[in-house]
Novice: 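Here it is, the structure in full.
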Amino acid sequence: MLNHWFRQADNVCYSNAILLLQRMPLSMHFFPALFRFPKDDPAQATRARHTLMSSVSALTVSSFTLYCTHIGLFRMSVASLTGFLTLAFIIHALFYAAICTGWNRRLADPSMTMVQIINSILWMMFVLYFIDQVRGAVLVLFMIIFVFGIFRLRLAQFVGAALFTLLSYALVIALLAYNQPQSINVKIELLQWVLLAMVLPWFALIGAYISNIRSALRHKNKELETALATIEHLASHDELTGIANRRCFLDALRREQARVDREAQPFCLALFDLDFFKAINDLHGHSAGDKVLRTFAECVQKEVRKSDYFGRYGGEEFALLIVDAEIALASSILERIRTGIEEQAFPLVNRKVTASIGVAQYQPGETISNLINRADQALYAAKKGGRNCVKQAIDDTEEAGVIMALH
Ligand SMILES: Nc1nc2c(ncn2[C@@H]2O[C@H](COP(=O)(O)OP(=O)(O)OP(=O)(O)O)[C@@H](O)[C@H]2O)c(=O)[nH]1
């Protein structure tokens, strides 16, 4: 009977615990998160690293205070101090978990530097209040706390932290003078306070200076990143039409060739050349010609699939890489594009603009230049065949030529 009752009580406790865990979704993420370092986000990784560093320094101070308790310089039993140190450890773990779970991103300052510094200062005050004889030497530990501020704080925050330290220390002196007059020499403590008041502003100033240099560097890095992205875009895109330039197109062609050689899927290369474009330039001017090129590029882009790759090959010549398509399918796509161009309005020139198109299917093992050559031969045939049409190159890689007119 008693056994049964215990088992039931056990079950109730167990299900209550499960319920509690389910009702607290935070716990489900929180504990595993403590052991998960945020590697995928460099900013979060840096924050987690700084928090771990500050935890290590807190651990050193904790060991020091435990030793002081052991030799009778800390007015507290080992058991009570262990309790306080456990609390300090939990607080550090919470900071770390907040970063690992990404919770800190909701805060105005996701690094939580100021909060962590205030936390450390308060713990330092705790140590200063209970430690005897070596209180002056302990003050040097404030420097470690302020070093962490260099990672993030602005001058005003540094000054705030320094003032908070001085006021808290003054309060500790007053409390000691009132509660433990035998353990304090007020004159010496005040002298130490003045010394701290002289050192901290300088520390704050130099810290803020370094912090400013870091943020200027960050800003410059961002500018460099943007400049690099612009350069990369300029190097790979045609300025006039905004589509890929010849170099970038050839890179895409080589990538596709490597993929197809691996996966044995067909792809086609089409070369476009605007018909009588010289006459457009001559009659309507170069800028009208530029506008025609832009409208033409937009018109083709509208018609092609996202997986296909369109680029300016040079002058009024364009190239289209049609992936996963044999020549019959590619030709019907190109025929649709050709009709689209024919029907497109080109307001500045107020006349029909057409294009001749040559297309070749990649033959496994052939070189890129051979493929381009065959597509070019097909384009030449399209020009010769009356323009405004699509012509296919023959499959034979040895013998470049054209066999079929679609229009
Ligand atoms: N506006 C403008 N014209 C360009 C650009 N690049 C090349 N061209 C012109 O394109 C024209 C190409 O003329 P051609 O190669 O003789 O050919 P076409 O007049 O189109 O005749 P077909 O190709 O035989 O139909 C030349 O006048 C070039 O100056 C450009 O970026 N902008």
Side-chain angles (χ1 to χ4, degrees), residues 230-253 268-304 308-322 330-331 333-360 369-394 400-407:
T230 315
I231 290 168
E232 269 172 9
H233 189 267
L234 285 175
S236 57
H237 285 75
D238 171 45
E239 214 181 334
L240 180 71
T241 55
I243 60 174
N245 63 14
R246 184 191 184 106
R247 197 167 65 99
C248 187
F249 183 84
L250 287 176
D251 280 349
L253 204 57
C268 290
L269 168 70
L271 292 181
F272 295 64
D273 188 292
L274 293 185
D275 298 327
F276 304 116
F277 191 64
K278 188 173 179 322
I280 296 178
N281 267 340
D282 292 347
L283 276 170
H284 305 278
H286 207 265
S287 63
D290 283 354
K291 178 82 179 108
V292 166
L293 291 176
R294 267 197 294 269
T295 313
F296 167 80
E298 280 162 21
C299 179
V300 177
Q301 270 182 308
K302 262 196 308 218
E303 296 288 339
V304 298
D308 296 340
Y309 205 82
F310 186 50
R312 187 170 179 197
Y313 202 62
E316 27 55 282
E317 272 188 25
F318 292 81
L320 177 64
L321 173 63
I322 306 167
S331 298
I333 294 171
L334 292 166
E335 189 54 30
R336 197 185 66 226
I337 295 173
R338 188 198 61 73
T339 320
I341 299 161
E342 199 178 23
E343 289 165 2
Q344 172 74 41
F346 289 85
L348 266 185
V349 296
N350 200 19
R351 63 184 269 177
K352 252 190 190 353
V353 174
T354 60
S356 300
I357 306 165
V359 58
S369 65
N370 197 72
L371 173 69
I372 294 172
N373 193 37
R374 289 194 301 117
D376 203 34
Q377 293 284 337
L379 172 62
Y380 180 71
K383 286 279 179 194
K384 282 203 97 177
R387 295 182 174 81
N388 189 23
C389 62
V390 180
K391 294 276 181 158
Q392 293 180 357
I394 59 164
V402 179
I403 53 164
M404 197 163 63
L406 291 174
H407 183 74

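Every number for a ligand or one of its atoms is a count from 1 in the order of the listing.
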Novice: Taking the side chain as every heavy atom from C-beta outward, state whether Leu240 and Arg312 have any atom pair closer than 4.5 Å.
Specialist: yes
Novice: Among all residues two or more places apart in sequence or in another chain, which pass the ring-ring contact (aromatic ring centres under 6.0 Å, His included) test with Tyr309?
Specialist: none
Novice: Would a distance-only check, ignoring hydrogens and angles, find a side-chain to backbone donor-acceptor pair under 3.5 Å from His284 to Ile280?
Specialist: no
Novice: Which of these passes ring pair (Phe, Tyr, Trp, His ring centres under 6.0 Å) with Phe318: Phe272, Phe296, Tyr313?
Specialist: Phe296
Novice: Does Asn245 use its side chain to pair, donor to acceptor, with the backbone of Ala235 at less than 3.5 Å?
Specialist: yes
Novice: Distance-only, no hydrogens or angles: does the Arg387 side chain make a donor-acceptor pair with backbone N or O of Thr354 under 3.5 Å?
Specialist: no
Novice: What are the polar N/O contacts of ligand 1 with the protein below 3.5 Å, with distances?
Specialist:
residue, atom, partner, partner atom, Å
ligand 1, 1 (N), Asn281, OD1, 3.0
ligand 1, 1 (N), His286, O, 3.0
ligand 1, 1 (N), Asp290, N, 3.4
ligand 1, 1 (N), Asp290, OD1, 2.9
ligand 1, 3 (N), Asn281, ND2, 2.8
ligand 1, 19 (O), Phe277, N, 3.1
ligand 1, 19 (O), Lys278, N, 2.7
ligand 1, 20 (O), Leu274, O, 3.0
ligand 1, 20 (O), Phe276, N, 3.4
ligand 1, 20 (O), Phe277, N, 2.7
ligand 1, 20 (O), Glu316, OE2, 3.3
ligand 1, 23 (O), Asp273, OD1, 3.0
ligand 1, 23 (O), Lys383, NZ, 2.9
ligand 1, 24 (O), Arg387, NH2, 2.9
ligand 1, 25 (O), Phe276, N, 2.8
ligand 1, 25 (O), Lys383, NZ, 3.0
ligand 1, 25 (O), Arg387, NE, 2.9
ligand 1, 31 (O), Arg312, NH2, 2.6
ligand 1, 32 (N), Asp290, OD1, 2.6

